[in-house]
Amino acid sequence: MSLHEVLKTLHITAVIIWIGTMFLAPIVAVRLADERSALQKFRAMSGMLMALSIVAALGFGMATAAFAGWFGQPWVHAKLALAVVLAAIHGVISGQLRRLTTDPAYRPPRWLAWLPAAILVLVVATVFIAVAKPF
Amino acid sequence: MLMLLSKPLSRLRLTGLLEGSTLLILVAIAVPLRHLAGYPIATKIMGPVHGLVFTLYLVALVDCISGGAWTSREIARGAIACLIPFGTFLNDGLIKRKIAQAEA
C-alpha cells in the first residue's frame with residue numbers, strides 16, 4: 001500500500017464520520033428541541049466527533065492532494081470550495097447546538113431542518129468532482 | 001490547552017492567531033522562496049497548511065456567529081480579518097473583549 005493510498009483511505013474514513021455526524025446533528029436538534037438534557041448529551045458526543053473528524057478529513061485531504069501533486073488542477077479547487085462551504089455548515093450546526101443547549105428560551109430555526117438536504121447536495125457534488133475529475 | 005479548545009471564542013482566538021501566522025509565513029517567506037530562490041517546495045508545504053488553518057478559522061468564526069450575540073460589524077470584521085495579512089492580529093482585541101464579556 002502506497003503513502004497516497006494510506007492518506008486517501010484515512011481521508012475518506014474521516015469524511016464519512018464527519019459528514020455522517022453533521023448530517024444527523026440538525027435532525028436530532030430539531031427532534032429533541034423539547035428534551036434539552038438529551039440534546040446536551042448528544043451535543044457533547046457529536047461535538048467531539050465532528051471536531052476530530054473535520055481536522056482529520058481536511059488534514060488528510062490536503063496531504064493526499066499535496067503528495068499526489070493535484071494542487072493547481074481546477075477540480076481540486078472546486079472540491080476545496082465545496083469543502084469550505086461544508087465546513088461553514090459545520091460551524092452553523094455547532095453554534096446552533098450550543099445555543100439550543102444553553103438558552104432554554106431559544107427554539108430551533110426552521111431552516112435548521114433543511115440543512116441535511118443542503119449537506120446531501122454538497123456531498124453528492126463533492127463526490128462527483130472527486131470521482132469524475134471533470135475539469 | 002483542552003480547556004482553551006472547549007470554548008468557542010477561545011477556539012476562534014487560537015485559530016485566528018494561527019491563521020494570521022501561517023498567512024504571514026506563506027506571503028513573506030514561502031512565496032519569495034518560490035519565486036526568488038527557486039524553492040517551490042516552500043509553497044507546496046505552506047499552501048495546504050494555511051488552507052487547513054484558514055478553514056478551521058472559518059468554522060470557529062461561523063460557530064461563534066451561529067451561537068449568537070454578534071453584530072453585523074463584528075461579523076464583517078471577523079470575515080475580512082482572515083483575508084488580509086495581519087488582519088487576525090488586528091482583530092484579536094475584539095475577540096479578547098468578547099471573551100472578557102462572556103466571562104463577566
Side-chain angles (χ1 to χ4, degrees), chain A residues 7 11 14 18 22 25-26 29 43-44 47-48 50-72 76-77 79-103 105-109 111-112 115, chain B residues 1-16 18-19 22 26 30-31 34-35 39-71 74-75 78-79 81-83 95 98-99 101-103:
Chain A
L7 291 171
H11 169 63
W18 177 40
M22 200 163 71
R43 184 192 151 207
M48 184 62 76
M50 277 168 64
L52 291 175
S53 57
I54 188 178
V55 172
L58 293 173
F60 289 126
M62 295 282 188
T64 305
F67 277 104
W70 284 341
F71 282 114
V76 172
H77 293 287
K79 188 171 178 274
L80 275 172
L82 291 173
V84 168
V85 177
L86 281 166
I89 292 176
H90 172 132
V92 170
I93 293 168
S94 179
Q96 287 296 309
L97 278 175
R98 188 175 61 259
R99 207 165 167 184
L100 281 165
T101 51
T102 53
D103 181 359
Y106 185 70
R107 303 295 305 163
W111 52 260
L112 197 61
L115 276 188
Chain B
M1 186 69 178
L2 278 176
M3 276 295 287
L4 190 75
L5 289 172
S6 68
K7 294 180 180 172
L9 282 166
S10 300
R11 274 201 301 270
L12 179 62
R13 189 168 179 228
L14 180 69
T15 52
L18 281 174
E19 198 275 343
T22 55
L26 183 67
V31 172
R34 178 194 178 122
H35 292 290
Y39 289 106
I41 190 75
T43 52
K44 279 185 178 168
I45 294 170
M46 275 319 293
V49 170
H50 174 66
L52 173 66
V53 179
F54 171 84
T55 312
L56 294 178
Y57 171 80
L58 183 74
V59 173
L61 178 68
V62 177
D63 183 350
C64 289
I65 294 166
S66 178
W70 278 62
T71 63
E74 289 169 344
I75 293 169
C82 63
L83 302 175
I95 312 299
K98 289 193 82 71
I99 290 172
Q101 279 172 13
E103 288 173 353

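Bear in mind the structure is a predicted one, so any value in this text is a computation, not a measurement. Just so it is clear: chains get the letters A, B, ... in the order the sequence lines come, proteins before strands, and each one is counted from 1.
- Taking a 6.0 Å sphere around OH of B:Tyr39, one finds it holds 12 or fewer heavy atoms contributed by other residues, nucleotides or ligands.
- Counting all heavy atoms, side chain and backbone alike, A:Leu58 lies closest to B:Leu52 at CB-CD1, 3.3 Å.
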Would you check, one step at a time, whether the test side chain to side chain contact (heavy atoms under 4.5 Å, CB included) holds for A:Arg98 with B:Asp63?
CA-CA 9 Å; A:Arg98 188 175 61 259; B:Asp63 183 350; 2.5 Å; yes
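- Taking CZ from A:Phe71 and OG1 from B:Thr43, the interatomic distance works out to 11.0 Å, rounded to the nearest 0.5 Å.
- Proximity to chain B (any heavy atom under 4.5 Å) is restricted, for A:Ala66, to the side chain, taken from C-beta onward.
- Between the side chain of A:Gln96 and the backbone N or O of B:Gly67, no donor-acceptor pair lies under 3.5 Å.
- Atoms OG and CG, on B:Ser66 and A:Leu112 in that order, are 8.0 Å from each other to the nearest 0.5 Å.
- Not counting sequence neighbours, B:Arg34 has no partner by the salt bridge (Lys or Arg N to Asp or Glu O under 4.0 Å) test.
- Only the side chain of B:Leu58 comes within less than 4.5 Å of a heavy atom in chain A; its backbone stays farther off.
- Proximity to chain B (any heavy atom under 4.5 Å) is restricted, for A:Ile54, to the side chain, taken from C-beta onward.
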